[in-house]
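These notes are about the structure you will find just below.
Side chains included, hydrogens not; waters and symmetry mates left out as well; all remaining heavy atoms used. As the structure is a prediction and not an experimental result, all values here were calculated from the model.
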Amino acid sequence: SPERMTRAALRGLVRLGIAAPTQDGYRLTGVRVDPRFPNAEDILDHQAAFFQESSEAWRVFSEREG
């Protein structure tokens, strides 16, 4: 489910030190690296770009199939 995936992602961000739990949610820390992506200087920017590129590809594909 989306909720389970979100909880797993947040646990991973906390484990990596990218996010920290707070009383009312989570906050980003200054950590921006993930050892699984050694060439990404800022994993948050990297993932945001990946999502944006994927979203655009899905849109183009949907229009072709449409």
Side-chain angles (χ1 to χ4, degrees):
S1 74
E3 293 84 13
R4 191 172 357 154
M5 290 176 63
T6 300
R7 283 192 299 274
L10 287 169
R11 281 192 306 271
L13 290 172
V14 169
R15 186 182 71 254
L16 291 166
I18 294 171
T22 65
Q23 287 184 327
D24 52 344
Y26 294 87
R27 68 172 175 78
L28 293 174
T29 68
V31 176
R32 295 289 193 262
V33 294
D34 183 332
R36 297 172 296 176
F37 301 93
N39 296 326
E41 292 181 23
D42 186 325
I43 194 62
L44 298 177
D45 283 345
H46 172 79
Q47 292 295 336
F50 179 81
F51 181 78
Q52 182 64 35
E53 291 167 4
S54 296
S55 295
E56 180 62 20
W58 295 326
R59 184 189 63 75
V60 168
F61 181 74
S62 294
E63 288 174 359
R64 283 190 206 154
E65 295 295 311

- Message: I'd like to know whether Arg15 forms a side chain to side chain contact (heavy atoms under 4.5 Å, CB included) with Arg11, so could you lay out the CA-CA distance, the side-chain angles of the two residues, the decisive distance to 0.1 Å, and finally the verdict.
- Response: CA-CA 6 Å; Arg15 186 182 71 254; Arg11 281 192 306 271; 5.5 Å; no

- Task: Using a 4.5 Å cut-off on heavy atoms from C-beta on, say whether the side chain of Leu10 contacts that of Pro21.
- Result: no

- Task: Please identify each residue that fulfils side-chain hydrogen bond (donor to acceptor under 3.5 Å, both in side chains) with Asp24, with sequence neighbours left out.
- Result: Thr22

If you look only at distance, which donor and acceptor atoms sit under 3.5 Å apart when one is on a side chain in residues 45-53 and the other is two or more places apart or in another chain?
none

- Message: I need the full list of side chain to side chain donor-acceptor pair (under 3.5 Å) pairs touching residues 54-66, with sequence neighbours left out, sorted by first then second residue.
- Response: Glu56-Arg59, Arg59-Glu63

- Shortest non-hydrogen contact from Leu16 to Pro35? CD2-CD, 3.7 Å

- Note: Val33 and Glu41 closest approach over all heavy atoms is CG1-O, 3.9 Å

- Item | Closest non-hydrogen atom pair, Ile43 against Ala40 | CD1-CB, 4.3 Å

- Flag side-chain contact, heavy atom, 4.5 Å: Ile18 against Leu44: yes

